[in-house]
Amino acid sequence: MPEGPEIRRVADALNRALAGRSLTGVWFAFERLQAYRPRLLGAAVTRVEPRGKALLTHFSAGLTLYSHNQLYGRWLIAGAGENPSSSRTPRVRLETEAATAVLYSASDIEIWPSAEVESHPFLQRIGPDVLDDGLAPESVVERLLQPAFARRKLGALLLDQSFLAGLGNYLRAEILWAACLGPDQRPADLPGEVLAALGRAIVEVPRLSYATRGGSGQTHHEAAFRFNVFKREGAACPRCRTPIRKIADASRPLYLCPACQA
DNA sequence: ATAGGCCTGGAC
DNA sequence: GTCCAGGCCTAT
């Protein structure tokens, strides 16, 4: 149940465990995927690539596994010949001589020819990955001011994967707090320096989360990345001590400081 | 722009 | 059991 930073950690862990190794075992829970098994056995895992909240696992056989964890999917890794311990439902199992990776619970699992996976509907729709190295605050500001986005409310815009891929409900709350903005503000109405601060928050908050949260990608909340507002209803705003409120925005819970987020 | 549905797991 | 959720799609 991750956002961009957690997905990227999962990709890192999978790459450490699998990348460059040949598959000694392949198992799918779905009948529709069985036909790919013979082609994948003996092929190598080339690279696991995060795309927003989706993962692309590329194989040397010219096939790519598309998976999306939604709220509930989870990759776990164990040693070679072992099984991760989990009470959840296994969906995919990839085994090499170095490690075993099992994808649990996820329902959104597909195999595509690598050459065509870019035409996957989800990949077609999403914007730049918010965690891509090349993404600069200035280009985020530029994007905020594009006609398709400039007049939309920030609360909904930050959740829209076609704006930037990888943001989700905790990141939008923390970004809005960092930029001192309420969810009803629209990019087109903001003065230049406020836009610049928003651009910086959009770039920096996910990076901080990626750099400091959790260890192996198998964990959820860990101590290093501190939520300032998310799930902190009633606690004091770290900036102005006003109690944090929980509201509904864009059909999702949003936590914010009613005093310093204008 | 918003509501409802879908999928699954966890908190209560 | 019930409700909620860090997601996303489709229908209004």
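Chain A is the first sequence line, chain B the second, and so forth, proteins listed ahead of strands; every chain is numbered from 1.
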- Task: Quickly work out the A:Y170 OH to C:dG7 P distance and round it to whole Å.
- Result: 10 Å

Counting only pairs under 3.5 Å, give me each side-chain donor-acceptor contact of residues 126-137 of chain A, with atom names and distances, residues two or more places apart or in other chains.
unit_1: A:D129; atom_1: OD1; unit_2: A:L131; atom_2: N; d: 2.8
unit_1: A:D129; atom_1: OD2; unit_2: A:R8; atom_2: NH2; d: 3.3
unit_1: A:D129; atom_1: OD2; unit_2: A:G52; atom_2: N; d: 2.9

Tabulated below should be each protein N or O lying under 3.5 Å from an N or O of nucleotides 9-12 of chain C; please produce it.
unit_1: C:dC9; atom_1: OP1; unit_2: A:R125; atom_2: NH2; d: 2.3

- Task: Rounded to the nearest angstrom, tell me the gap between atom CG in A:D160 and atom P in C:dC8.
- Result: 10 Å

- Query: Excluding sequence neighbours, so at least two apart, what forms salt bridge (charged side-chain N to carboxylate O under 4.0 Å, His left out) with A:D189?
  - Reply: A:R151

- Item | Whole angstrom value for the distance that separates P of C:dC4 from CG of A:N169 | 15 Å

- Item | Phosphate OP1/OP2 of C:dC8: any A:H68 side-chain N/O under 4.0 Å | yes

- Identify, with sequence neighbours excluded, every residue that meets salt bridge (charged side-chain N to carboxylate O under 4.0 Å, His left out) alongside A:R152. A:D160

List, with names and distances, any nitrogen or oxygen atoms from the protein found under 3.5 Å away from nitrogen or oxygen atoms belonging to nucleotides 2-8 of chain B.
unit_1: B:dC7; atom_1: O2; unit_2: A:Y72; atom_2: OH; d: 3.2
unit_1: B:dT8; atom_1: OP1; unit_2: A:R91; atom_2: NH2; d: 2.5

- Task: Sequence neighbours left out, what passes ring-ring contact (aromatic ring centres under 6.0 Å, His included) with A:F149? Give chain and number order.
- Result: A:F163

- Roughly how far apart, to the nearest Å, are B:dA1 and C:dG6 at atom C1'? 22 Å

- Note on the structure: Those residues at least two apart in sequence (or on a different chain) that pass side chain to side chain contact (heavy atoms under 4.5 Å, CB included) with A:A80 are none

- Item | Gap between atoms CG and P, on A:D249 and B:dA1 respectively (whole Å) | 11 Å

- Query: Taking N and O atoms by type only, does the side chain of A:E6 place a donor or acceptor under 3.5 Å from a partner on the base of C:dG6?
  - Reply: yes

- Task: Would you mind listing every side chain to side chain donor-acceptor pair (under 3.5 Å) that reaches into residues 233-252 of chain A, with sequence neighbours excluded?
- Result: A:R172-A:D249

Less than 3.5 Å apart, which donor and acceptor atoms pair up between the side chains of residues 101-119 of chain A and the rest of the protein, not counting sequence neighbours?
unit_1: A:Y104; atom_1: OH; unit_2: A:P84; atom_2: O; d: 3.2
unit_1: A:S107; atom_1: OG; unit_2: A:Y72; atom_2: OH; d: 3.2
unit_1: A:E110; atom_1: OE1; unit_2: A:W112; atom_2: NE1; d: 2.7
unit_1: A:E110; atom_1: OE1; unit_2: A:H120; atom_2: NE2; d: 3.0
unit_1: A:S114; atom_1: OG; unit_2: A:G62; atom_2: O; d: 3.1
unit_1: A:S114; atom_1: OG; unit_2: A:L63; atom_2: N; d: 3.1
unit_1: A:S114; atom_1: OG; unit_2: A:L63; atom_2: O; d: 3.1
unit_1: A:S114; atom_1: OG; unit_2: A:T64; atom_2: OG1; d: 2.8
unit_1: A:E118; atom_1: OE1; unit_2: A:R51; atom_2: NH1; d: 3.4
unit_1: A:E118; atom_1: OE1; unit_2: A:R51; atom_2: NH2; d: 3.4
unit_1: A:E118; atom_1: OE2; unit_2: A:R51; atom_2: NH2; d: 2.6
unit_1: A:S119; atom_1: OG; unit_2: A:E116; atom_2: O; d: 2.6

- Task: Using the test side chain to side chain contact (heavy atoms under 4.5 Å, CB included), find all partners of A:A262 that sit at least two apart in sequence or belong to another chain.
- Result: none

- Message: Nearest whole Å is fine: how far is C:dG7 C1' from A:Y66 OH?
- Response: 11 Å

- Query: A:L55 has an atom CG; how far is it from atom P of C:dC8, in whole Å?
  - Reply: 12 Å

- Query: Does OP1 or OP2 of C:dA5 have a side-chain N or O of A:K246 closer than 4.0 Å?
  - Reply: yes

- Task: Check whether any side-chain N or O of A:R252 sits under 4.0 Å from OP1 or OP2 of C:dG6, and answer yes or no.
- Result: yes

- Ignoring backbone atoms, establish whether A:K231 has a side-chain N or O less than 4.0 Å from OP1 or OP2 of C:dG6. no

- Message: Just checking A:E31: does its CD atom have more than 12 heavy atoms from other residues, nucleotides or ligands closer to it than 6.0 angstrom?
- Response: no

- Query: Atom CG of A:L158 and atom P of B:dA1: how far apart are they, to the nearest Å?
  - Reply: 13 Å

- Message: So, using salt bridge (charged side-chain N to carboxylate O under 4.0 Å, His left out) as the criterion, who are the partners of A:E95 when residues are at least two apart?
- Response: A:R93

- Parsed dot-bracket for DNA chain C after applying the Watson-Crick and G-U rules with both distances under 3.5 Å and | for other-strand partners is |||||.||||||

- For the side chain of A:R37 and the backbone of A:W27, is there at least one donor-acceptor N/O pair under 3.5 Å apart? no

- Message: Tell me the interatomic distance from A:L167, atom CG, to C:dC8, atom P, rounded to whole angstroms.
- Response: 10 Å

- Message: Looking at A:Q34, I want to see if its CD is surrounded by more than 12 non-hydrogen atoms of other residues, nucleotides or ligands under 6.0 Å.
- Response: yes

